[in-house]
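Working notes for the structure below.
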Protein chains: 2
Amino acid sequence: MGRWQPDSRGRLQEAALALYSERGFDQTTAAQIAARAGLTERTFFRHFSDKREVLFGGSALLQERIVAGVAGAPLADGPLDAVGCGLAAAAAMLGEFRRDLSRQRHVVIAANPELRERELAKLADYAAAVAEALHQRGVGEPQASLAAEAGMTVLRVAVERWSSGGDDRDLADVMRDSMAGLRAVAGGG
Amino acid sequence: MGRWQPDSRGRLQEAALALYSERGFDQTTAAQIAARAGLTERTFFRHFSDKREVLFGGSALLQERIVAGVAGAPLADGPLDAVGCGLAAAAAMLGEFRRDLSRQRHVVIAANPELRERELAKLADYAAAVAEALHQRGVGEPQASLAAEAGMTVLRVAVERWSSGGDDRDLADVMRDSMAGLRAVAGGG
DNA sequence: TAGGTTGATAGCAGTCACTGACATCATCGT
DNA sequence: ACGATGATGTCAGTGACTGCTATCAACCTA
């Protein structure tokens, strides 16, 4: 057996989600999270740059998947179709998680302005990466940024509907619907 | 003469912009801003909820203008046209400010992740308010949210281009262009 | 005009997020 | 064996932000 329990990072993530749910984000200190994970506050901040980031541990991987989806779209596809391929990849990945945990996380984030702020920042990061992937496909500006941002809006709206329980279908279906809604409203005026 | 110099809030905003420009956001303390304005740190936090908010003093007014523009759009207009009216109102208001100050503020925000995060949060607030205004016009979901979010994307992209000096035309012109770009990319697939 | 109220500010003590520097010690390669 | 590595602990410090209390000009009221 090692000197320490394994997967400190994962234990911190679990402890944080539990405490944020039980007591609320503001009423939870980093030291409490660390203690629940059998670690110290200092170690918490070695794994996560701040108190919010502990809820967004999978965002780098999700971004990779989205970008890969965009890059792998058929070359004949237009910008928004390519973004749609990225969204399909995102839906596939998010669908792998236990839905109750996704929902718990969503509730915690929705309840706190600072956490909502961080989630928006993550989406903006995805959008920037997607725009870059579109540039690689020869899409110019401002089309690339607009398609990427619109795509992240679709992602956000779809996950919101799916995660809040308003729509029982697969996330992929909800996302296709939202994408169709965007095309309708933007193209039809 | 009153007991104190007038317009504490405005003096704090000026001092903060100056210090953030000179030394950077991270290297500036709230106490330094307050001292520069002839006040105390405690008073700074009475006027602004946190160190970032001091750069966003006009956001509530801007949101009102945008919403009023949407609400005042011709009833025959579709959702995205109505949002376009809101953007025109925003362009008119932002055009009133001294362009050098707008640019200075933009540079400061662009240089710091926390400030970019706050700006995204403000845009999300605008989007939520615009979606609500669209509901009042009888637009349903998800069309209202999508149109509102797409509109704020157009605002962001346009202000980015305009404020970074890449486009010398009036903000209103740049914004119309960006809106046309969105229609093209979304409608054309 | 005296006296009470209000409102913006100062002063102070406290909590907690976050950081830098250094110590510890199992594990691993040589 | 033994030194290097890496994850963790310990400790001290800065600064954002909050709650409470005191001050005092301006204003209101009788």
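First the proteins, then the strands, lettered A, B, ... as listed; each starts at 1.
Looking at residues two or more places apart in sequence or on another chain, you find a side-chain hydrogen bond (donor to acceptor under 3.5 Å, both in side chains) between B/H106 and B/E160. Partners of B/D170 according to the salt bridge (charged side-chain N to carboxylate O under 4.0 Å, His left out) rule, which considers only residues two or more places apart in sequence or in another chain, do not exist here. Contacts of B/D168 classified as salt bridge (charged side-chain N to carboxylate O under 4.0 Å, His left out), with partners at least two apart in sequence or in another chain: none.
Residues from residues 105-123 of chain B that place a heavy atom under 4.0 Å from any atom of DNA chain C: there are none. For DNA chain C, the residues of residues 39-46 of chain A within the heavy-atom distance limit of 4.0 Å (strictly under) are A/E41, A/R42, A/F45, A/R46, sorted by number.
In this entry the distance linking CG of B/D50 with P of C/dA17 reads 16 Å, nearest Å. The CZ-P distance, from A/R9 to D/dT8, rounds to 11 Å in whole Å. Rounded to whole Å, atom P of C/dC16 lies 13 Å from atom CD1 of A/I33. Computed from coordinates, the A/R11 CZ to D/dA7 P distance equals 14 Å when rounded to whole Å. As rounded to whole Å, 14 Å separates atom C1' of C/dA10 from atom CG of B/L12. Computed from coordinates, the B/W4 CH2 to C/dT6 C1' distance equals 11 Å when rounded to whole Å. Summarising the geometry, the separation between CG on A/D7 and P on D/dT8 is reported as 10 Å, rounded to the nearest angstrom. Taking atom CZ on A/R52 and atom P on C/dC18, their separation rounds to 7 Å, with Å as the unit.
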What pairs of nitrogen or oxygen atoms, one from the protein and one from nucleotides 28-30 of chain C, lie under 3.5 Å apart?
none

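Remark: B/S49 is not in phosphate contact with D/dC17, judged by side-chain N or O atoms under 4.0 Å from OP1 or OP2. In this structure, A/H47 reaches the D/dT8 phosphate: one of its side-chain N or O atoms is under 4.0 Å from OP1 or OP2.
You'll find the side chain of B/E53 reaches within 4.5 Å of the side chain of B/K122, heavy atoms only.
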Item to check | From CA spacing to verdict: side chain to side chain contact (heavy atoms under 4.5 Å, CB included), A/L80, A/L182 | outcome: CA-CA 10 Å; A/L80 209 54; A/L182 170 70; 4.1 Å; yes

Checklist entry - Can B/R11 and B/R36 be said to form a side chain to side chain contact (heavy atoms under 4.5 Å, CB included), step by step? => result CA-CA 8 Å; B/R11 273 152 49 215; B/R36 179 130 164 183; over 6 Å; no

Next on the checklist: If you apply the rule side chain to side chain contact (heavy atoms under 4.5 Å, CB included), what do you find for B/D77 with B/C85, and how did you get there?
Outcome noted: CA-CA 10 Å; B/D77 278 6; B/C85 291; 4.1 Å; yes

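Between A/E149 and A/T153, the side chains place no donor N or O within less than 3.5 Å of an acceptor N or O (distance only, hydrogens not considered).
Cluster annotation: B/L123 is not connected to A/I109 through the hydrophobic network of ILVMFWY side chains, with a link wherever side-chain heavy atoms come within less than 4.5 Å.
Of the candidate nucleotides C/dA8, D/dT8, C/dC18, C/dA8 has the atom lying nearest to any side-chain atom of B/R3.
When each of B/K51, B/Q27, B/R52 is checked for a side chain to side chain contact (heavy atoms under 4.5 Å, CB included) with B/Y20, only B/K51 meets the rule.
For the pair B/R105 and B/F56, the distance from NZ or CZ to the six-membered ring centre is under 6.0 Å and the angle to the ring normal is within 45 degrees.
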